[in-house]
There are 2 protein chains.
Amino acid sequence: MRDMLDQMDLANCPVRHVLDHIAAKWTTLILLELEPGPCRFNALARSLPDISRRMLTQSLRDLERDGLIARKVFATKPPSVEYALTDLGRSLLGPLCALIDWAKASAPEIATARAAFAAQA
Amino acid sequence: MRDMLDQMDLANCPVRHVLDHIAAKWTTLILLELEPGPCRFNALARSLPDISRRMLTQSLRDLERDGLIARKVFATKPPSVEYALTDLGRSLLGPLCALIDWAKASAPEIATARAAFAAQA
DNA sequence: GTGTATAAGTCTCTTTTAGAGACCGCAACG
DNA sequence: CGTTGCGGTCTCTAAAAGAGACTTATACAC
C-alpha cells in the first residue's frame with residue numbers, strides 16, 4: 001500500500017497532488033455544493049458563508065484548472081458566471097463520499113478518543 | 001448529498017473535521033507509512049524526508065489525539081517511541097485508498113486539463 | 001577519553017498561506 | 001438618487017508551515 005505513493009519522487013507525485021487538493025478543505029465543500037447542479041459565484045458564497053470571497057475565487061480557479069469544474073460566463077448584464085461539475089469532478093464524488101461516510105460513522109469513536117486524550121494530557 | 005454535511009452548523013461538523021485532517025496532507029502520508037507495521041519516530045522522519053521534524057511531531061500528536069494511531073514508549077536507553085495504527089486508523093485506509101486509486105486513475109486527465117488551462121490562460 | 005552517532009523531540013526565525021473586509025465598475029430597481 | 005446584486009480584486013493582518021540549530025543522555029569506535 002505504501003508503494004501506492006512510491007513510483008515517483010514524493011515531490012511531484014500526482015497522488016499527493018490530489019490529496020493536496022482534497023486537503024485544501026474548501027474544495028471538497030465546493031464540489032459537494034455543486035453536486036445538485038450548477039451554481040453561480042455569489043450563490044456559492046452564500047452557501048458557504050465561512051469561506052472568504054478571496055479563498056472562494058482561488059479554490060474555484062484551482063478546481064477549474066484541474067478540470068474538476070467548468071466555468072461558464074453568460075453575457076448578461078451584469079455578466080453572470082456559472083460553475084458546474086465536469087464528468088471528472090463528478091467521478092470524484094464517489095470516493096469522496098466513501099470518506100465522508102467513514103467520517104460520519106467514526107465521529108463518535110473519534111470524539112471518545114479526543115476526550116480520553118484531553119483527560120490524560 | 002450536500003445534506004451529508006448539513007445537519008450541523010458548518011463550524012463544528014465532524015465530517016468537516018475529518019476532512020481537515022485528511023487535508024493536513026502529512027497525516028495521510030503518515031497513515032500509509034504505518035500501514036505495513038509500527039514505526040518509530042526517526043524511522044518515519046527518514047521515510048518522509050520532506051516533512052520537518054516539527055510538523056511530524058505535530059501531525060503524530062493530532063493523529064494520536066483522534067485515536068487513529070497509538071504511541072508507545074519503551075523504557076530503553078535512550079527511550080524509544082513506536083507509533084502504530086489503531087483499528088480505527090486502519091479502518092480509514094479503505095476509503096483513503098479509494099481516493100488514491102481515483103487520483104492515480106485520473107492523473108492523466110488532470111494533467112491534460114492543466115495543460116489546456118495553462119495554454120488558454 | 002574524545003569524537004560521533006542515536007534516540008525523540010523542542011525552539012526560534014523566516015516565509016507562506018489564509019482570513020477580514022474594503023473596494024471596483026456597471027446595471028436594474030425602487 | 002440611493003441601494004442592491006453581479007463577480008470578483010486589493011490590501012492588511014493573523015495564523016500556520018518550513019528550515020534548521022539545539023537538548024539530554026547513552027553507546028560505540030577509535
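Residue numbering restarts at 1 for every chain, and letters A, B, ... go by the order of the sequence lines.
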The nucleotide from D:dG8, D:dA17, C:dA8 with an atom nearest the side chain of B:S80 is C:dA8

Rounded to the nearest 0.5 Å, the CG atom of A:L68 sits from the CG atom of A:D62 at a distance of 10.0 Å

Tightest non-hydrogen contact, residues A:F41 and A:R53, listed as CZ-O, 4.1 Å

Rounded to the nearest 0.5 Å, the CD1 atom of B:I69 sits from the CG atom of B:L63 at a distance of 4.5 Å

A:Q58 CD to C:dT17 P, in whole Å, measures 9 Å

note: A:M55, atom CE; D:dA14, atom P; distance rounded to Å ~ 18 Å

- Task: Run the numbers on A:L29 and A:I51 for side chain to side chain contact (heavy atoms under 4.5 Å, CB included), then give the verdict.
- Result: CA-CA 10 Å; A:L29 273 332; A:I51 174 171; over 6 Å; no

What residues 67-75 of chain A contributes to the DNA chain C interface at heavy-atom separation below 4.0 Å is none

When rounded to whole Å, the CG to P distance for the pair B:D62 and C:dG9 reads 14 Å

Check: Is the shortest side-chain N/O distance from A:W26 to OP1 or OP2 of C:dA18 below 4.0 Å?
Finding: no

Those residues at least two apart in sequence (or on a different chain) that pass side-chain contact (heavy atoms from CB on, under 4.5 Å) with B:E82 are B:P38, B:R40, B:F74

Note to self: Just to be sure I understand the rule, does A:T57 reach a base, reach only the sugar-phosphate, or reach nothing, if contact means heavy atoms closer than 4.0 Å?
What the structure shows: base

Separation of C:dG9 atom C1' from B:I51 atom CD1, nearest Å, is 13 Å

- prompt: So what does A:R54 touch, heavy atoms closer than 4.0 Å: a base, only the sugar-phosphate, or nothing?
  reply: base

On a heavy-atom basis, the closest approach of B:A70 and B:T86 is N-CG2, 3.8 Å

Q) So do the side chains of A:S106 and B:L88 get within less than 4.5 Å of each other, counting heavy atoms only? A) yes

Atom CG of A:L48 and atom C1' of C:dG19 are separated, to the nearest Å, by 15 Å

Between CG of A:D50 and P of C:dG21 the distance, given in whole Å, is 13 Å

With side chains defined as the heavy atoms from C-beta onward, is the minimum distance between B:L44 and B:E33 less than 4.5 Å? yes

| said: Is the shortest side-chain heavy-atom distance between B:L32 and B:I100 below 4.5 Å? | reply: yes

Regarding the side chain of A:F41, the nearest nucleotide among D:dC6, D:dG8, C:dA7 is D:dG8

Taken to the nearest whole Å, CD/A:E64 to P/D:dG8 is 9 Å

A:L44 atom CG is separated from D:dG5 atom C1', nearest whole Å, by 15 Å

TODO: Ignoring backbone atoms, establish whether A:N42 has a side-chain N or O less than 4.0 Å from OP1 or OP2 of D:dG5.
DONE: no

Of D:dG8, C:dG9, D:dA17, the nucleotide closest to the side chain of A:R61 is D:dG8

With sugar-phosphate taken as primed atoms, P, OP1 and OP2 and all else as base, the protein-contact string of nucleotides 22-29 of chain C at under 4.0 Å (heavy atoms; B, S, -) is --------

query: Hey, does A:W26 have a side-chain heavy atom less than 4.5 Å from the side chain of A:L48?
result: no

